[in-house]
Amino acid sequence: IWGKRVEEFREKWEPGGFDIVMGGDIAYAQESLEILFQTAMVLLSTKNGSTFMLSFVFRGGVTIENVADCAKKHSLEWVAPKNGNSEGVYVFRRGQ
């Protein structure tokens, strides 16, 4: 699913890219992370502060460390929750 017709979707709905992209329960295998983040990057606006919100539970070898590393590779910064408890929702932003 990830990576297929993404540019076409973006151009149809928001040619400049979305300020926020949200996904829930979509990080289900470690090998899917790269294409997931590639897809998110195509959909996101290039503006500083554009945000990818990802909600998932740890399974299939996926850890927050894997996800954070992949986000960093794609120039996204993990915004850790102030209280230390993400409740399964992780926020990644373009550099500010």
Side-chain angles (χ1 to χ4, degrees):
I1 293 174
W2 306 121
K4 299 193 188 299
R5 301 174 61 190
V6 181
E7 290 89 356
E8 180 183 329
F9 177 87
R10 184 194 64 222
E11 292 305 313
K12 179 178 180 180
W13 296 103
E14 191 64 38
F18 297 90
D19 291 335
I20 299 174
V21 172
M22 299 184 334
D25 202 25
I26 57 175
Y28 43 83
Q30 186 172 345
E31 55 273 4
S32 70
L33 292 178
E34 180 63 28
I35 192 71
L36 171 61
F37 273 88
Q38 287 173 7
T39 300
M41 294 305 290
V42 171
L43 293 174
L44 276 176
S45 159
T46 58
K47 293 187 270 185
N48 284 347
S50 58
T51 303
F52 178 34
M53 297 178 71
L54 180 61
S55 173
F56 70 96
V57 295
F58 300 118
R59 65 174 176 227
V62 177
T63 67
I64 188 55
E65 291 81 11
N66 303 133
V67 173
D69 287 346
C70 198
K72 186 175 182 178
K73 178 180 174 186
H74 290 278
S75 302
L76 293 174
E77 181 180 324
W78 177 26
V79 181
K82 290 183 177 24
N83 67 1
N85 183 2
S86 70
E87 296 186 29
V89 178
Y90 302 91
V91 176
F92 302 94
R93 289 200 180 108
R94 285 196 188 267
Q96 299 189 52

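Between the CE atom in Met53 and the CD1 atom in Ile20 there is a gap of 7.0 Å [rounded to 0.5 Å]. Between Phe52 atom CZ and Leu76 atom CG the span is 8.0 Å, to the nearest 0.5 Å. For the atom pair Leu33 CG and Thr63 OG1, the distance stands at 8.5 Å (nearest 0.5 Å). In this structure, the separation between CZ on Arg10 and CZ on Arg5 is 14.5 Å, given to the nearest 0.5 Å. Atom-to-atom distance recorded for Ile64:CD1 and Asp69:CG is 9.5 Å, nearest 0.5 angstrom. Here NE2 of His74 is found 5.0 Å from CD of Gln38. Values are rounded to the nearest 0.5 Å.
Listed for the Thr39 side chain is a donor-acceptor partner under 3.5 Å among the backbone atoms of Gly3.
Closest of all the heavy-atom pairs between Ser50 and Ser45 is OG-O, 2.9 Å.
None of Val21, Leu44, Val67 except one satisfies the side-chain contact (heavy atoms from CB on, under 4.5 Å) rule with Phe92; the exception is Val67.
Within the 4.5 Å cutoff, the side chain of Arg94 has no heavy atoms near those of the Ser75 side chain.
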